[in-house]
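Numbers restart at 1 for each chain; the letters A, B, ... are given by sequence-line order, proteins then strands.
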Amino acid sequence: MKPVRPQFVPEPGLDREEMLALQRELTAAAVFEDDLSFSPAEVALVEPVQSRGPNRSGDHTLASFSKGDSLTLEGDTLASNGDAFADVDPGGPPVVAGVDQAFIDDRAISAVVLLQGRDVVGWAHAVSEPPIPYVPGLLAFREGGPIVDALATLAVEPDLLVFDGSGRIHFREAGLATHVGVVFDCPAVGVAKSLLCGTPDEPTDGRPEGWSTPIRVGADDDVTAPEGTVIGYAYQSRQYDGEPRINPLYVSPGHRASAETARELVAALSAGYKLPEPTRLADRFADELKGKLANDT
DNA sequence: GCGACAG
DNA sequence: ATCTTGTCGC
């Protein structure tokens, strides 16, 4: 896929004010309403993808992303591979991309896994040097570039992008999911493991599986959206029966999805683990790449 | 000035 | 994000 709005690609070398300015422009282009070509029910998963047997084509194994995953090191963005897409079913369920990152010293590994229903139909990755350190509110300028590079190698257009990080739950409503979603003008949702900003309607501790509560802009919250706006949801994707101790997920719209739909999509994509399958698999993929990269270098 | 803050 | 053993439970 190609960036539809290259002017918003997070390039290195910007100072803080320029990054903030870019985020404000980006937010104006973001759509926090449903503009999807499918419904959450169409991406519903019942069981974890990795526990299934050989898929339709029979040669993908999630335990080792073994098909076409050789690493090629060249240039600043050192590697990417957008191959292995022969298995996409044109008439099948929506294609969902999960995106995550891992780090080794001063290198960032961006990993993308493509899911169509319960089939892994492709993956891609990019290795690069993070332009800036982690700064709350500026994550897209640290991880966004390599992610765009990896996504750009995809031979098919995903119907949905799922990120590990916030979307609209962000000081300027311009989290990683929103930023990259707008760059590709692709429906996107953000899935964070902790809350960046905003206020839950109710306390989130010890909630049962399936529970959720809105995240709103409170009077004391430093968020550009009007007070009272629902910018996301706390969603309990998994919980233990006995002593509840799993924290909820913080789901928010990235682009072209409402907060409610973002929550429903994440619920439909969850299959027994805390993280929804796309993000969980991307996380595993990133770890695997990290291991291979640690040796070779 | 102090605090709080995705990954 | 990353550094990491054992441990409780299905």
Integer-rounded Å distance: C:dC10 P and A:E243 CD: 13 Å

Is the number of heavy atoms from other residues, nucleotides or ligands within 6.0 Å of CG (A:D15) greater than 12? yes

Minimum heavy-atom separation for A:G167 and A:A177, please, with both atom names. CA-CB, 3.8 Å

Using the side-chain contact (heavy atoms from CB on, under 4.5 Å) rule, pick out the option among A:P93, A:P94, A:S37 that qualifies with A:E42. A:P94

Return yes if a side-chain donor-acceptor contact under 3.5 Å exists between A:E143 and A:Y134, otherwise no. no

Please step through side chain to side chain donor-acceptor pair (under 3.5 Å) for the pair A:D221 and A:T199, ending with a clear verdict. CA-CA 8 Å; A:D221 291 322; A:T199 307; 2.7 Å; yes

Take the protein atom CZ of A:F163 and the nucleotide atom P of C:dA1, then report the distance between them rounded to whole Å. 16 Å

For the hydrophobic clusters of this structure (ILVMFWY residues joined by side-chain heavy atoms under 4.5 Å, transitively), does one cluster hold both A:V99 and A:V95? yes

Paired stems touching DNA chain B, three or more consecutive Watson-Crick or G-U pairs with both distances under 3.5 Å? none

Close side-chain approach of A:L161 and A:P187, heavy atoms under 4.5 Å: no

With sequence neighbours excluded, what pairs up with A:D287 under the salt bridge (Lys or Arg N to Asp or Glu O under 4.0 Å) test? none

For DNA chain C, whose closest nucleotide is more 5', that of A:A102 or that of A:D241? A:A102

Is there a donor-acceptor contact under 3.5 Å linking the side chains of A:T279 and A:D100? no

Pairwise distance OG(A:S212) to CZ(A:R263) - rounded to 0.5 angstrom: 4.0 Å

Secondary structure of DNA chain C per the Watson-Crick/G-U criterion (both distances under 3.5 Å; [ ] crossing, | other strand, . unpaired) is ..........

Report each atom pair, protein N/O against N/O of nucleotides 2-7 of chain B, whose distance is under 3.5 angstrom.
from, atom 1, to, atom 2, distance (Å)
B:dA6, OP2, A:Y134, OH, 2.8
B:dA6, N7, A:G137, N, 3.1
B:dA6, N6, A:G137, O, 3.2
B:dA6, N6, A:L138, N, 3.3
B:dA6, N6, A:L139, N, 3.1
B:dA6, N6, A:H170, NE2, 3.4
B:dA6, N1, A:L176, N, 3.1
B:dA6, N3, A:S166, N, 3.0
B:dG7, OP1, A:K193, N, 2.7
B:dG7, OP2, A:S194, OG, 3.2
B:dG7, O3', A:D164, OD2, 2.9

Only one of A:P278, A:S237, A:P40 passes side-chain contact (heavy atoms from CB on, under 4.5 Å) with A:L269; say which it is. A:P278

Go through A:R207 and A:E202 one step at a time and tell me if the salt bridge (charged side-chain N to carboxylate O under 4.0 Å, His left out) criterion holds. CA-CA 10 Å; A:R207 299 300 187 172; A:E202 310 171 58; 3.6 Å; yes

Can you give me the N/O atom pairs linking the protein to nucleotides 7-9 of chain C at distances under 3.5 Å, or say none if there are none?
none

From A:T229, A:T27, A:T224, A:T178, residue fulfilling side chain to side chain donor-acceptor pair (under 3.5 Å) relative to A:E173: A:T224

Please confirm whether the shortest side-chain N or O distance from A:K290 to OP1 or OP2 of C:dA1 is below 4.0 Å. no

In terms of hydrophobic clustering (I, L, V, M, F, W, Y; side-chain heavy atoms under 4.5 Å; direct or indirect links), are A:V230 and A:L265 co-clustered? no

Using a strict threshold of under 4.0 Å (side-chain N to carboxylate O), is an ion pair present between A:D34 and A:R256? no

What residues 223-237 of chain A contributes to the DNA chain B interface at heavy-atom separation below 4.0 Å is none

